[in-house]
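First the structure, in the form of structure tokens, and then the observations on it.
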Amino acid sequence: MNTNGLQQRPIKRDSQSNGGPPRTTRGARKKGGSRRSSRSNPNRTALVATSLFICVVIPLVLFVNKATRGGGGGSRSATGPSSDRFVEDWMPSGSKGGGRPAAGGNKGTAAGQDAEARRRARAKRHESLYRPKFGEDELGFDIYNCPNRPPEGYPRAWTAEEVLTSWNPTEVTTIEGHRDVFQGICVFDYQTQYETALRYRNSEVPFIIRNNPTVDATVARWDDPRYLLEEFGNSEMYRTERSPTNQFIWFKLGKHESESTEMPPNDEVKMHYPEFVERALMKDGKALGDGDLINQSRAMKERRLADDRGERLPDDDDDRFPLDLGPEDKKEDNFYYFRFNADLPHAGEPSTGGHHSFIYNEVPIFDPTDPSESEFYMVEPKQQRGINCRFGMRGVTAANHFDMSRNMIAILGGERRYVIGSPAECSRMALYPRGHISVRHSAVKWHDPESWEEHPEFKEAMISEVVMRAGDVLYLPTAWFHYIINLSFNYQCNARSGTTYENQQHIEDCGFDM
Ligand SMILES: *[C@@H]1O[C@H](CO)[C@@H](O)[C@H](O)[C@H]1NC(C)=O
Ligand SMILES: CC(=O)N[C@H]1CO[C@H](CO)[C@@H](O)[C@@H]1O
């Protein structure tokens, strides 16, 4: 049960009923001898952007360009003295004098103003492309000005047939006009609607919270792809999911897999972050028909092959991944889902080069040791299970499923469409049963109406959807269903913080333990 009542929140500001949270603007602070220097460059040329293509892909092109010209930019060690040179080499051509983008919090500086301009441009683009289909009249509440407590029947939902027919999950390109979004959940402003958001959180219902300067500062830093390329380096390999199709589904092989179990399309490899970026760039280049992007990706690839830094199967259990996805050229068709997990006890350990602690600096809202930043997001800090980041490549979807804990999901770049459903819908979600390698995940293909016919009840499942943009955080209570669709190359990090049992009966009634 939820034991995190309002009264447990440390009081550290005035008691206005709906005032803002404490204003702290920590971000990427130094910790444990971090190698970062927080230079900021007021002369940095504005990268006025209207989408992640512009915020991430264009700078990438510029910096890959530069690296191609400068040569040798791709072989720095994660901690070596060449670190600064690496950054200089990869500097966008319009940017003179070095430095990284400042956090968005500092609105007085030119860099801060750039970040703010990009944030506004993203919001404008988002609002014109993705519009809630229903207004206050139909919903009974205004999603941007929700009542003090969740109204009866919150969140609103519609049948899977209606929602998925209106906007098929494979349709991820921008269309003329806008998309109608079957949005039944509230959007709260962290600075002006904190207390209301807290009541919804404590009622264990889903919602979006945005406009937290700390989150926006992370987005501002990550807007420049050099930033994460430097952080992730090119010496460490990360677990990355791989599939020849855009449909990813979680699975876990047990000791006694029955022969009849259909293998999922995806497996897992290890990959350096620059290779993931190279492949994400290729996906964008191909989808947009942009020869320059494709050439830049190829340039990154040449350096990678010269360094012999290609993807590897995980050492310990190669033989459990039966997919042979072919030679290097064929791999371009694959989809990848980059994964980075860090947990507090191990974040600073030598085995990770002390490297994983950087994500706690980058995403302080998920740092349970820093309650001033994380108390809203980490509901039960003691139950935290680390920070999990997933970077989605254009085209990636993740199968519908539920998890056994609360989740806060932050989009820190790009756009993702989340389709969510209440645990009460469990029996209509056509889930793989206990014992199946993809237990808790939908057996029907959400994008394929023909596959719905095998489970007619699925068409009646009640669902709701939202398109998240950079800076948005989704609260997903325990056991809520979610299906994820890329709308662009995107960065997502999430953190779990405990389990609640108000939906235990629904979950058990449809055949699962809680
Ligand atoms: C990409 O590279 C090819 C071969 O080097 C070249 O012919 C083509 O013009 C390049 N395209 C762009 C858009 O730079
Ligand atoms: C932006 C975009 O359209 N990206 C891809 C997303 O995934 C689908 C497949 O589901 C591709 O067809 C799109 O090109």
Side-chain angles (χ1 to χ4, degrees), residues 44-76 85-96 101 118 121-122 125 129 172-176 222-230 232 234 240 242 244 246 271-311 325-336 338 391-396 413-415 486-491:
R44 188 167 177 277
T45 306
L47 294 171
V48 178
T50 54
S51 74
L52 191 73
F53 295 140
I54 298 176
C55 291
V56 169
V57 175
I58 301 302
L60 250 178
V61 173
L62 292 172
F63 101 96
V64 173
N65 244 330
K66 176 82 181 198
T68 310
R69 277 185 256 117
S75 55
R76 149 196 100 98
R85 203 181 73 79
F86 177 83
V87 176
E88 302 305 325
D89 281 352
W90 292 64
M91 195 64 67
S93 49
S95 173
K96 303 272 191 302
R118 289 197 300 272
R122 258 195 301 269
R125 173 182 187 279
L129 286 182
V172 288
T173 46
T174 306
I175 54 168
E176 296 281 324
W222 292 14
D223 256 356
D224 186 330
R226 291 168 301 160
Y227 191 87
L228 285 178
L229 275 157
E230 195 205 357
F232 286 114
N234 60 7
T240 302
R242 161 181 87 158
N246 67 312
M271 194 179 258
H272 295 104
Y273 183 65
E275 180 173 0
F276 174 75
V277 174
E278 166 205 320
R279 297 192 179 285
L281 210 56
M282 180 59 77
K283 274 288 180 267
D284 281 347
K286 284 186 171 174
L288 299 170
D290 185 326
D292 195 40
L293 281 182
I294 291 172
N295 283 3
Q296 302 313 330
S297 172
R298 289 208 198 289
M300 289 184 88
K301 176 177 166 181
E302 273 171 34
R303 283 198 304 280
R304 172 171 58 81
L305 293 180
D307 289 350
D308 188 25
R309 289 179 174 278
E311 69 188 63
L325 295 182
E328 192 65 40
D329 283 350
K330 179 78 177 58
K331 288 178 188 164
E332 270 174 23
D333 298 332
N334 296 340
F335 289 81
Y336 294 88
F338 180 83
F391 295 174
M393 180 177 280
R394 174 184 291 255
V396 166
E415 289 168 349
N486 76 289
L487 294 173
S488 73
F489 176 19
N490 62 75
Y491 304 136

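When a ligand or atom number is given, it counts from 1 through the structure's own listing order.
Here the CG-CZ distance, from D223 to R118, works out to 4.5 Å after rounding to the nearest 0.5 Å. For the atom pair NZ of K301 and CG of L305, the computed distance is 6.0 Å after rounding to the nearest 0.5 Å. Atom CG of L229 and atom NE2 of H272 lie 12.5 Å apart (nearest 0.5 Å).
Note on ring orientation: taking the six-membered ring where Trp is involved, the planes of Y273 and F391 are perpendicular (angle over 60°, cut-offs 30° and 60°).
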- Audit row: R279, M300, side chain to side chain contact (heavy atoms under 4.5 Å, CB included) steps and yes/no: CA-CA 9 Å; R279 297 192 179 285; M300 289 184 88; over 6 Å; no
Identify all pairs of nitrogen or oxygen atoms, one from ligand 1 and one from the protein, separated by less than 3.5 Å, and list them with distances.
from     : atom 1 : to   : atom 2 : distance (Å)
ligand 1 : 2 (O)  : N295 : OD1    : 3.1
ligand 1 : 2 (O)  : N295 : ND2    : 2.4
ligand 1 : 11 (N) : N295 : ND2    : 2.9
ligand 1 : 14 (O) : N295 : ND2    : 3.2

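Between F338 and F232, a ring centre-to-centre spacing shorter than 6.0 Å is recorded.
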